[in-house]
Amino acid sequence: MRQWITLSLVLTVLACPVAFAQDYSFSVPKLLLEVTPNADASVTLAYTVAFHCNQGADAIDVVDMGLPHKDYDISNMSASVNDNPLQHIKTSTFIDCGVEVHLDPYAIQPGQTGIFKFACTMPDLVYQDTTRADYASLRITPTWWGSEYVTGTTKLGIVVYLPESIKLDEILYQDVEFSKKLNLQGKNAVAWFMEAVRADGPHMVGVSFPKREMERVVRMTKLGLLWKWWTENPAARVVWAIFFFILFGIFFFRQTNGTGISVFVFLLGGGIVAFAISPTLEALALPVLIPIWILAERARKARGRSYLPAIASVEAGGIKRGLTVPEAAVIMELPLGKVLALVIFGMLKKGLVHQTADDPLAVEVDEDYLGSLSRSDRQENSRANGTVIHAYEQPFLEKLTGNSHTPLAELDFSEEMKQLIEKTAERMSGFNLKQTREYYKSIVAGAWVEAKAMGELDARTTFLDDNLLWLMLDDDYDDYFVTWHHHGYYYRPIWAHTGGAGLGEVARAPAVGGQTGLRDVAASFAGWSENVTLAPIELRWTCSKESVRAQAVAAVEVALARAVLVPVPAPAAGDERSAWSSDPISPGLALIGPGAAAI
């Protein structure tokens with residue numbers, strides 16, 4: 001049976017997967033990696049590794065060498081064990097990117113230590129430094145093995161040789177400081193020495209140096225570096241895929257109103273396979289989904305607003321005046337949820353109903369307008385009370401009677417809304433729909449111009465009391481109230497549930513619990529008042545599930561807006577953080593150089 005050791009050689013890229021025999025066990029007392037960058041951006045690698053085969057384990061007869069990429073040439077590779085040349089080097093059958101070196105007849109037996117050497121030249125491993133235009137960059141980590149196979153600790157040395165013309169004080173480290181800067185046999189070198197480390201994980205080091213001796217370097221932009229990281233980090237891609245499929249699930253079920261689970265499962269499975277095959281497809285998936293989502297939401301919104309039945313609009317018919325605020329909202333095709341809110345707020349303002357709860361919003365019908373009364377009786381009572389009940393409000397009063405403790409979000413107003421829309425369409429017959437819409441838009445715009453121009457707070461409050469519903473037709477009405485609130489003016493609708501002095505006032509302190517403002521009451525409709533949709537036959541109220549989805553989508557949009565890609569910090573220009581060049585050569589350097597066969 002063959003046993004396998006894999007040296008996962010990593011230079012700027014992650015190592016290939018490794019397979020070991022079940023009964024393999026060894027230690028690595030010493031490991032030396034010597035690296036020489038070449039002028040053509042290639043790198044010569046020389047490994048000297050002491051392997052000790054543990055007692056009771058199988059002999060080491062084959063070593064798999066992981067390589068940085070698949071563009072390698074076996075003809076420039078050499079290997080030996082205990083100075084005995086090894087001839088049998090071929091593409092590995094156990095790892096995707098590497099070669100296997102056969103040790104027979106020099107296999108390292110149980111209880112023995114052998115010195116294994118491997119050398120090769122790999123192209124395109126010296127990159128353009130992304131922090132300094134006149135520098136090149138090289139990052140490297142020695143091999144490591146699985147913790148289940150490696151015992152003991154390792155004395156690790158990494159040496160990078162550079163041309164003598166490159167001065168020691170010009171060489172910069174990346175992340176991990178040099179242990180030494182020195183001159184060896186006419187070449188300047190930097191070295192890292194690590195005592196008693198575990199050889200079951202990476203020990204990444206990096207060096208930046210002037211590229212004046214380089215004929216070429218591999219050009220690498222920050223975007224290219226990010227892409228390289230992306231393609232070589234499967235864990236990051238898995239996290240990204242999970243995030244994407246969560247967003248896709250929200251998008252899918254929002255568009256299908258919670259249906260199509262089997263289709264979603266099929267798409268999910270296909271997406272997982274596609275992402276596993278193509279990093280490019282995975283990276284592009286979210287940028288493609290975002291504009292599709294935006295377009296779909298616009299189309300969904302447009303569909304939601306196309307609820308008016310056919311109107312016999314006459315080009316010369318003129319403007320239909322005298323519409324109430326909810327009727328104007330209908331012909332402007334505002335979201336049906338907003339139309340409903342205007343109906344409820346209008347009845348609150350006139351005292352037809354009274355607020356019983358703030359959040360979620362609930363109301364009760366005044367005893368003079370209960371649904372048990374006839375419509376004519378309710379009209380008579382309204383005239384006696386100095387107000388008026390519009391025909392479209394009668395069905396709402398009847399629906400609300402007996403539901404004083406039921407949140408409005410839980411009531412089905414489909415039929416009542418349908419009647420409002422149909423009656424409004426009948427009133428528009430013979431008039432010019434386009435001109436009428438523009439007319440009411442101008443009323444709203446003019447009302448806001450007047451409201452914002454008022455400096456006298458009492459006058460502004462009186463104006464808001466009289467025109468609040470018209471002001472609410474503006475898409476940005478809530479932003480205007482927020483701005484006023486930030487400047488000290490806090491408006492409370494006259495129909496607000498809780499009492500207090502003054503309908504509008506200058507806030508001398510932050511608003512406290514018990515004071516219900518317009519935004520508080522309007523917020524009772526948030527998450528569900530925008531979710532009325534019109535089916536071909538009837539209006540359907542889809543508040544509960546749609547509310548959850550709307551809030552989830554909003555949370556995702558905030559997360560996306562705040563997402564920031566934080567790059568790994570690079571050393572500041574000229575910051576070498578080392579002064580080893582004048583130090584005496586330590587005894588540890590005896591491990592380095594041409595005579596370092598026995599480490």
Taking [Y]'s backbone N and O only, do any of them form a donor-acceptor pair with [X]'s side chain (distance below 3.5 Å, no angle check)?
{"X": "Lys349", "Y": "Asp465", "value": "yes"}
{"X": "Asp366", "Y": "Asp368", "value": "yes"}
{"X": "Thr436", "Y": "Lys320", "value": "yes"}
{"X": "Lys350", "Y": "Ile389", "value": "no"}
{"X": "Gln128", "Y": "Ala133", "value": "yes"}
{"X": "Thr356", "Y": "Ser404", "value": "yes"}
{"X": "Glu393", "Y": "His390", "value": "yes"}
{"X": "Tyr392", "Y": "Glu327", "value": "no"}
{"X": "Thr401", "Y": "Leu370", "value": "no"}

[X], [atom1] atom: more than 12 neighbouring heavy atoms under 6.0 Å:
{"X": "Glu367", "atom1": "CD", "answer": "no"}
{"X": "Tyr480", "atom1": "OH", "answer": "yes"}
{"X": "Leu281", "atom1": "CG", "answer": "yes"}

Is any side-chain heavy atom of [X] less than 4.5 Å from a side-chain heavy atom of [Y]?
{"X": "Arg378", "Y": "Asn381", "answer": "no"}
{"X": "Trp230", "Y": "Glu282", "answer": "yes"}
{"X": "Phe396", "Y": "Val363", "answer": "no"}
{"X": "Leu361", "Y": "Phe345", "answer": "yes"}
{"X": "Thr461", "Y": "Tyr491", "answer": "yes"}
{"X": "Trp240", "Y": "Asn233", "answer": "no"}
{"X": "Val444", "Y": "Tyr477", "answer": "no"}
{"X": "Val217", "Y": "Asp129", "answer": "no"}

What are the two closest non-hydrogen atoms of [X] and [Y], and how far apart are they?
{"X": "Phe252", "Y": "Leu267", "answer": "CE1-CD1, 4.0 Å"}
{"X": "Met417", "Y": "Leu336", "answer": "CE-O, 3.5 Å"}
{"X": "Ala391", "Y": "Pro395", "answer": "O-CD, 3.4 Å"}
{"X": "Arg460", "Y": "Ala451", "answer": "NE-O, 3.9 Å"}
{"X": "Gln435", "Y": "Gly318", "answer": "OE1-CA, 3.9 Å"}
{"X": "Ala447", "Y": "Phe463", "answer": "O-CE2, 3.5 Å"}

To the closest 0.5 Å, what do you measure between [atom1] ([X]) and [atom2] ([Y])?
{"X": "Ile319", "Y": "Leu433", "atom1": "CD1", "atom2": "CG", "result": "11.5 Å"}
{"X": "Leu289", "Y": "Leu284", "atom1": "CG", "atom2": "CG", "result": "12.5 Å"}
{"X": "Leu373", "Y": "Gln379", "atom1": "CG", "atom2": "CD", "result": "12.0 Å"}
{"X": "Thr324", "Y": "Leu420", "atom1": "OG1", "atom2": "CG", "result": "7.5 Å"}
{"X": "Met472", "Y": "Leu334", "atom1": "CE", "atom2": "CG", "result": "11.0 Å"}
{"X": "Thr387", "Y": "Tyr369", "atom1": "OG1", "atom2": "OH", "result": "6.0 Å"}

| task | Give the intermediate values and the outcome of side-chain contact (heavy atoms from CB on, under 4.5 Å) for residues Lys452 and Thr483. | result | CA-CA 11 Å; Lys452 289 187 286 185; Thr483 300; over 6 Å; no
| query | Do the rings of Phe248 and Phe251 sit parallel, tilted or perpendicular, given the 30° and 60° boundaries? | reply |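 Geometry flag for Phe251 against Phe248: tilted rings.
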| Parallel under 30°, tilted from 30 to 60°, perpendicular over 60°: which one fits the rings of Trp484 and Trp448? |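 Ring orientation, 0 to 90° scale: tilted.
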| said: Could you walk me through whether Ser137 and Gln174 satisfy the side-chain contact (heavy atoms from CB on, under 4.5 Å) test, starting with their C-alpha distance in whole Å, then the side-chain angles of each, then the deciding distance to 0.1 Å, before giving a yes or no? | reply: CA-CA 9 Å; Ser137 174; Gln174 301 176 16; 2.9 Å; yes
| Within 45° of the six-membered ring axis of Tyr439 and under 6.0 Å from that ring's centre, is NZ or CZ of Arg321 located there? |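 Because its charged atom sits under 6.0 Å from the ring centre and within 45° of the axis, Arg321 does stack over Tyr439.
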| Residues Glu398 and Arg375 bridged, charged N to O under 4.0 Å |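 The answer is yes: the pair qualifies as a salt bridge.
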| task | Would you mind checking if Lys418 and Glu415 are paired as a salt bridge, meaning a charged N to carboxylate O distance below 4.0 Å? | result |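 No, no charged N to carboxylate O under 4.0 Å.
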| Should Leu464 and Tyr489 be marked as a side-chain contact (heavy atoms from CB on, under 4.5 Å) after you check the CA-CA gap, both sets of side-chain angles, and the distance that decides it? | CA-CA 12 Å; Leu464 292 178; Tyr489 176 77; 3.6 Å; yes
| field | Verdict with supporting geometry, Leu323 and Val330, side-chain contact (heavy atoms from CB on, under 4.5 Å) | value | CA-CA 10 Å; Leu323 295 179; Val330 168; over 6 Å; no
